[in-house]
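Below is one structure, written out as structure tokens, with a few remarks after it.
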Protein chains: 2
Amino acid sequence: MKFSKELSAGYLVNHMARLFERGLAERIRPLGLTPGTFPALLELWEGDGLTQKELVERLDIEQATMANTLARMERDGLVRRQKDEADGRVQRIWLTDHARGLRDAAIEAARSVNAETMASLSAQEQRQLVALMQKIVYDDKASATPTSSE
Amino acid sequence: MKFSKELSAGYLVNHMARLFERGLAERIRPLGLTPGTFPALLELWEGDGLTQKELVERLDIEQATMANTLARMERDGLVRRQKDEADGRVQRIWLTDHARGLRDAAIEAARSVNAETMASLSAQEQRQLVALMQKIVYDDKASATPTSSE
DNA sequence: AGCACTTGCATAGCAAGCTATACAAGATTA
DNA sequence: TAATCTTGTATAGCTTGCTATGCAAGTGCT
């Protein structure tokens, strides 16, 4: 029974994800950011005051992972967590001015990482790749929310 | 300046890699395996007695990461490390009988994860995706050995 | 032989993912 | 109202990635 890593989607996607993450880490390090905070920052830059639960749902990250990421972000002066006065369990997440100020440079960094890491593909191939990945990521999530059971 | 995570290759590839990894973890847990050992196992199943350095080069993993992964694999009875008698610095990695016996089931698990995670794509789209990822992963490595600049 | 340089691996320490579990605040219900 | 269930976060402990650093074993030079 043969199995070639060069043909395995799982193997390739892991390797590819590491390439992107290394590139991003390198580029946002000067900003004092790390890759793990990026998804949360993207959401919060769109509009903060979200709860942890909202972030978890939007990013498909485990709650415990998000709690830790937010703790690091707070430690590093990127967010503040404020108790919701209506519901004492809820912590709403607010960006600091500092985090707000990093937005443009961070997004420019992400753009350039995307461009460089995909430089071996033509523009059309890049669009194809993105479209295929979207199908997997979003269809997969949909099928994880069954209509009948649960 | 807009930036949509749904269109960002870096964001998508990270998300997709987590989907594959979760699927694989679930399926190989009954075998006592974890996803991080998989690349090394694939190489060693092809032929063991490799050095740590050889694994590092073939898998594009940092040396320290590989050292830790191999230590866990040894702890879990998957490999043995034996000093090379020609060169006292080198540790050659040998699979245990137990690890050898896991091969078929593990590869079957990987195959089924690949199939299920990509189930929202047609067979042709799956081939396309793999081809595009190969271009990025292997061209990228090539271009990291520049001929002229940098 | 003795010195510095290189090479192969290990260790420390951190980020970011996961599961399992704890716990306090709300909601429900007998 | 009191007991129980649910919900939102936090914490513990693990894996897997990374950088930086240490160190012992080879290699080369003089």
Side-chain angles (χ1 to χ4, degrees), chain A residues 10-11 13-29 32-41 50-57 59-76 78-79 81-93, chain B residues 10-11 13-29 32-41 50-57 59-76 78-79 81-93:
Chain A
Y11 186 94
V13 76
N14 167 277
H15 198 153
M16 196 165 85
R18 287 189 288 113
L19 293 177
F20 276 90
E21 185 172 349
R22 287 177 196 164
L24 187 62
E26 189 181 323
R27 253 164 256 262
I28 62 182
R29 191 174 309 129
L33 297 177
T34 53
T37 66
F38 221 89
L41 284 171
L50 299 175
T51 69
Q52 188 186 115
K53 181 165 204 285
E54 287 170 326
L55 283 171
V56 162
E57 282 163 355
L59 301 178
D60 188 24
I61 282 282
E62 289 302 317
Q63 176 269 320
T65 302
M66 186 55 70
N68 284 324
T69 299
L70 289 170
R72 268 181 279 116
M73 291 172 78
E74 188 167 35
R75 178 201 65 189
D76 297 343
L78 295 169
V79 298
R81 287 188 278 190
Q82 201 162 12
K83 259 212 161 81
D84 187 296
E85 69 273 354
D87 186 336
R89 294 166 298 184
V90 174
Q91 300 263 7
R92 296 203 168 268
I93 317 293
Chain B
Y11 186 93
V13 77
N14 169 276
H15 198 154
M16 198 166 85
R18 287 189 287 113
L19 294 177
F20 276 89
E21 186 171 350
R22 286 178 196 163
L24 186 63
E26 189 180 323
R27 252 163 256 262
I28 61 181
R29 191 173 311 128
L33 296 178
T34 53
T37 65
F38 220 90
L41 284 172
L50 299 176
T51 68
Q52 189 186 115
K53 181 162 204 281
E54 286 169 327
L55 283 170
V56 162
E57 281 163 357
L59 301 176
D60 189 22
I61 283 280
E62 288 301 319
Q63 175 269 321
T65 301
M66 186 55 70
N68 284 324
T69 299
L70 289 170
R72 269 181 279 115
M73 292 173 77
E74 188 167 36
R75 178 200 65 189
D76 297 342
L78 295 169
V79 298
R81 288 186 277 189
Q82 201 163 10
K83 261 212 160 80
D84 187 295
E85 69 274 354
D87 186 337
R89 294 166 298 182
V90 174
Q91 299 265 4
R92 295 204 168 268
I93 316 294

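Please read all numbers here as calculations on a predicted model, not as lab measurements. Numbers restart at 1 for each chain; the letters A, B, ... are given by sequence-line order, proteins then strands.
If you find the closest nucleotide of DNA chain D to A:Arg29 and to A:Gln52, the one lying nearer the 5' end belongs to A:Gln52. Nearest-nucleotide positions on DNA chain C place B:Gln91 closer to the 5' end than the other of B:Gln91 and B:Arg22. The nearest heavy atom of DNA chain D to A:Leu70 and to B:Glu85 marks one nucleotide each, and the one closer to the 5' end goes with A:Leu70.
You'll find that the side chain of B:Val90 is closest to C:dC9, out of D:dG8, D:dC18, C:dC9. When distances run from any side-chain atom of A:Arg81 to the nucleotides D:dG17, D:dG8, D:dA10, the shortest one goes to D:dA10. You'll find that the side chain of B:Thr51 is closest to C:dC9, out of D:dG17, D:dT9, C:dC9. Of the listed nucleotides (C:dG17, D:dA25, D:dT9), C:dG17 has the atom at the smallest distance from the side chain of B:Arg18. Side chain of B:Ala67, nearest nucleotide from D:dT6, D:dA10, C:dA10: C:dA10. Residue A:Arg89 places its side chain closer to C:dG26 than to any other of C:dG17, C:dG26, D:dT9. Relative to the side chain of A:Asp87, the nucleotides C:dA20, C:dA10, C:dA25 differ in distance, and C:dA25 lies closest. With distances taken from any side-chain atom of B:Asn68 to the nucleotides C:dG13, C:dA10, D:dA10, the minimum falls on C:dG13.
Here C:dC18 presents its P atom at 13 Å from CD of B:Glu26, a figure rounded to the nearest Å.
Atoms CE and CE, from A:Met66 and A:Met73 in turn, are 8.5 Å apart once rounded to the nearest 0.5 Å.
Note on B:Arg92: nothing from the nucleic acid sits closer than 4.0 angstrom, heavy atoms only. Across all strands shown, B:Ala64 has heavy atoms under 4.0 Å from base atoms, whether or not it also approaches the sugar-phosphate. Note on B:Thr34: only backbone sugar-phosphate atoms sit closer than 4.0 angstrom, heavy atoms only; bases stay farther off.
Put simply, the side chain of A:Ile93 does not reach to within 4.5 Å of the side chain of A:Glu54, judged on heavy atoms.
In this structure, B:Gln91 and B:Lys83 approach most closely via the heavy-atom pair OE1-N, 4.1 Å.
Other residues, nucleotides and ligands contribute only 12 or fewer heavy atoms inside 6.0 Å of the CD atom of A:Gln82.
The pair A:Arg22-A:Glu26 fails the salt-bridge criterion, with no side-chain N (NZ, NE, NH1 or NH2) lying under 4.0 Å from an Asp/Glu carboxylate O.
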